[in-house]
Trainee: 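Below is one structure. I have some questions about it.
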Number of protein chains: 2
Amino acid sequence: MKDAQPRTRSRRSGAPDAPALTREYIVDAALEYIDEVGLESFSMRNLATKLQVYPTAIYWYVPTRNELMAQIVARVLDQVISSKRRRSLDAFLRDLFNNFRDVIRRHPNVAPLIGTQLVSNTNMGLEFVEQLLAHLSRAGLSGAALVGAYNTVIATIVGFTAQEFAPIPTEGSDQWQTQVRERLATISRESYPVLAANLPILSNRAFILRWESGVEAPLDESFRIYVDVVIAGIERLIETQPAA
Amino acid sequence: MKDAQPRTRSRRSGAPDAPALTREYIVDAALEYIDEVGLESFSMRNLATKLQVYPTAIYWYVPTRNELMAQIVARVLDQVISSKRRRSLDAFLRDLFNNFRDVIRRHPNVAPLIGTQLVSNTNMGLEFVEQLLAHLSRAGLSGAALVGAYNTVIATIVGFTAQEFAPIPTEGSDQWQTQVRERLATISRESYPVLAANLPILSNRAFILRWESGVEAPLDESFRIYVDVVIAGIERLIETQPAA
DNA sequence: ACCTGAACACCGTTCAAGT
DNA sequence: ACCTGAACACCGTTCAAGT
């Protein structure tokens, strides 16, 4: 997609060899920049430098910074493929969860955007929505239960992964890491017995109790259980649904 | 907590009646500001104006803007009370989900922070962690299943609510609203049959298909189903767990 | 149509100086 | 110890001007 046919060269003076600006090209470059140096140090001006244009040139293609962010999220989520094949709800959901996670894992620095942008993203394709609804409906859900299951799937798909890969405090990572580790090391067995007893299997493998993000310490096993739990719960919902 | 005893008055010239600065007072003021005018227009400088001090005065109590944000989140999450009483896992989780949602509903503008900050918040009390682990453990979970269930609960508690109350595109809300509504109105029955058929119950009641945030259009029914699904899934996990 | 260039009204944060 | 005040190196965005 990115290296399709030779682009028309730009007319701009400073960078004769650089490709002409495009909305697509700008979004790609922005995503690349965020992947490389992180969300925090992204700015329209830094992006402009990377593109070898004046900051204001970007505004000819993108109305605002927020809109650019929304389009970056849309670009990432586009990579979540889902085969059009009809299959069981179980298989469909399982693939969806795993595909989504794989995609975010490739772009962990945009994770903070996903959680807040997806829910209100008009740019998102409705094919995905239709497919999810179709599978849920065919499994026997309708009315409020259909809506509830739909919202449940969306919320759960985003929830775990967005948090798993959310960047951990940026500054002095060494300092912060040892701080958390020391805190866990000095947990009193009297005040927190269950926590203390299970510390070995919880350390760096559980939310709030870890010092690395999912990039360095992926929560593979927990995610597997998570998916099982959600799917089992939805199947339970289907059972309690009166047949049409 | 906020109006406990008469504060010592400040020595600063410009605002003789204003209370002396405190880390606590600053965090409270920041949360208040965000509640009133939103996260987007929050800045250290605006906060300073509200406090009637120079921007740099804040830095005597708070090391950085990010740290302040983390403490705001901690302050909000402190309001999620959980009775120390021993009770069934079902009752415990149900209360937890509902309390959490009620708290976020009172501070919807901080919702975007919750999802990304909670997971790595050292400021968070470990009492909560211990309680959750204790209930899950007593219900029969241990080892990887305990870790998985723990992470599942954290992820699901945050997931739905953070997205439900996430502020919707700020600018020209009227324009954006009608844009989404028109898009939904012109959905083709051929391309998106299930979506089209269920549009009446999905409109503004489902993620991606709504034009108002949870503040104006709360997803009460879906949340109830969501909680049921998660709890049913966890109970299923407990059943498959070999007895100790 | 597409980009340059200057300019505006902001930021977070450091550091010296006052009291 | 706690705050003022100036200053630095940035921001996003508007708007006129060039080609």
Side-chain angles (χ1 to χ4, degrees), chain A residues 7-27 29-30 33-34 37-72 112-113 117 167 169-172 175, chain B residues 7-27 29-30 33-34 37-72 112-113 117 167 169-172 175:
Chain A
R7 291 174 174 282
T8 54
R9 298 292 143 188
S10 78
R11 337 187 321 275
R12 52 202 155 96
S13 48
D17 285 346
L21 283 187
T22 315
R23 208 203 44 136
E24 276 228 333
Y25 184 70
I26 289 173
V27 174
Y33 187 94
I34 292 173
V37 304
L39 193 64
E40 299 252 317
S41 52
F42 171 86
S43 75
M44 298 297 274
R45 291 177 115 102
N46 287 344
L47 176 58
T49 313
K50 182 185 161 90
L51 292 171
Q52 305 194 69
V53 292
Y54 272 68
T56 51
I58 299 172
Y59 285 86
W60 210 91
Y61 302 91
V62 176
T64 171
R65 186 198 145 103
N66 278 344
E67 247 301 299
L68 177 55
M69 293 308 204
Q71 293 188 22
I72 291 169
L113 296 176
Q117 292 274 12
T170 161
E171 47 207 320
Q175 195 187 341
Chain B
R7 288 175 176 283
T8 52
R9 298 292 142 188
S10 79
R11 337 188 320 277
R12 51 201 155 98
S13 48
D17 287 346
L21 283 187
T22 313
R23 206 203 47 135
E24 276 227 333
Y25 184 70
I26 289 173
V27 174
Y33 186 94
I34 292 173
V37 305
L39 193 63
E40 299 252 314
S41 52
F42 171 85
S43 75
M44 298 298 272
R45 292 176 115 101
N46 287 344
L47 176 59
T49 314
K50 182 185 161 88
L51 292 171
Q52 306 193 70
V53 292
Y54 272 68
T56 50
I58 299 172
Y59 285 85
W60 210 91
Y61 301 91
V62 177
T64 171
R65 183 198 148 103
N66 277 344
E67 246 300 300
L68 177 55
M69 293 307 204
Q71 294 189 21
I72 292 169
L113 296 176
Q117 293 273 13
T170 161
E171 49 208 318
Q175 195 187 341

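Values below: all heavy atoms of this structure, side chains included; hydrogens, waters and symmetry mates excluded. Letters A, B, ... are given to chains in the order of the sequence lines, protein chains preceding strands, and every chain is numbered from 1. Since the structure is predicted, the reported quantities are computational estimates derived from the model, not experimental observations.
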Trainee: For a quick test of reading the model, state the closest non-hydrogen atom pair linking P55(A) to A48(A) and the distance between them.
Mentor: CA-CB, 3.4 Å

Trainee: Can you name the residues that form a side-chain hydrogen bond (donor to acceptor under 3.5 Å, both in side chains) with Y33(A), not counting sequence neighbours?
Mentor: N46(A)

Trainee: With a cut-off of less than 4.0 Å, is there a side-chain N or O of Y59(B) near OP1 or OP2 of dC15(C)?
Mentor: no

Trainee: M69(A) CE to dC11(D) P: how many Å, rounded?
Mentor: 12 Å

Trainee: Of all the heavy-atom pairs spanning L21(B) and V53(B), show the shortest one and how long it is.
Mentor: CD1-CG1, 3.9 Å

Trainee: My understanding is that only residues two or more places apart in sequence, or in another chain, count here; which of them pass side-chain contact (heavy atoms from CB on, under 4.5 Å) with Y54(B)?
Mentor: T56(B)

Trainee: Show, in sequence, the C-alpha distance, side-chain angles and deciding distance for V27(A) and Y61(A), and conclude whether the side-chain contact (heavy atoms from CB on, under 4.5 Å) test is met.
Mentor: CA-CA 10 Å; V27(A) 174; Y61(A) 302 91; over 6 Å; no

Trainee: Scan nucleotides 5-8 of chain C against the protein and return all N/O pairs shorter than 3.5 Å with their distances rounded to 0.1 Å.
Mentor:
{"unit_1": "dG5(C)", "atom_1": "OP2", "unit_2": "Y54(A)", "atom_2": "OH", "d": "2.6"}
{"unit_1": "dG5(C)", "atom_1": "O5'", "unit_2": "Y54(A)", "atom_2": "OH", "d": "3.4"}
{"unit_1": "dG5(C)", "atom_1": "O6", "unit_2": "T56(A)", "atom_2": "OG1", "d": "2.9"}

Trainee: Nearest 0.5 Å, what's the CG-CE distance between L51(B) and M44(B)?
Mentor: 10.0 Å

Trainee: Could you check how far CG of L21(A) sits from C1' of dT19(D), rounded to whole Å?
Mentor: 16 Å

Trainee: Once rounded to the nearest 0.5 Å, what's the spacing between atom CD1 of I58(A) and atom CG of L47(A)?
Mentor: 4.0 Å

Trainee: Using atom CD1 of I58(B) as one end and atom C1' of dT13(C) as the other, report the distance to the nearest whole Å.
Mentor: 12 Å

Trainee: What's the spacing between R65(A) CZ and F42(A) CZ if we round to 0.5 Å?
Mentor: 6.0 Å

Trainee: For a stem of at least 3 consecutive Watson-Crick or G-U pairs with distances under 3.5 Å, i pairing with j, i+1 with j-1 and so on, which stems involve DNA chain D?
Mentor: C:4-8 with D:12-16, C:12-16 with D:4-8

Trainee: From the options dC2(C), dT13(D), dC2(D), select the nucleotide whose nearest atom is closest to the side chain of R65(A).
Mentor: dT13(D)

Trainee: At what distance, to the nearest 0.5 angstrom, does CD1 of I34(B) lie from CE of M69(B)?
Mentor: 5.0 Å

Trainee: Considering only dT4(D), dT13(C), dC11(D), which nucleotide approaches the side chain of P55(B) most closely?
Mentor: dT13(C)

Trainee: Round to the nearest Å and state the distance from M44(B) atom CE to dC10(C) atom P.
Mentor: 18 Å

Trainee: Could you check how far CD of Q52(B) sits from C1' of dC2(D), rounded to whole Å?
Mentor: 17 Å

Trainee: With a 4.0 Å limit, can you tell me whether N66(A) has a side-chain N or O closer than that to the phosphate oxygens OP1/OP2 of dG12(D)?
Mentor: no

Trainee: Taking CD1 from I26(B) and P from dC2(D), how many angstroms apart are they, rounded to a whole number?
Mentor: 11 Å

Trainee: Side chain of S43(B) only, please: which of dG12(C), dC2(C), dT4(C) is the nearest?
Mentor: dG12(C)

Trainee: Rounded to whole angstrom units, what separation is found between the CZ atom of R23(A) and the P atom of dA1(C)?
Mentor: 19 Å

Trainee: Whole angstroms only, please: what is the CG-C1' distance between L51(A) and dT4(C)?
Mentor: 15 Å

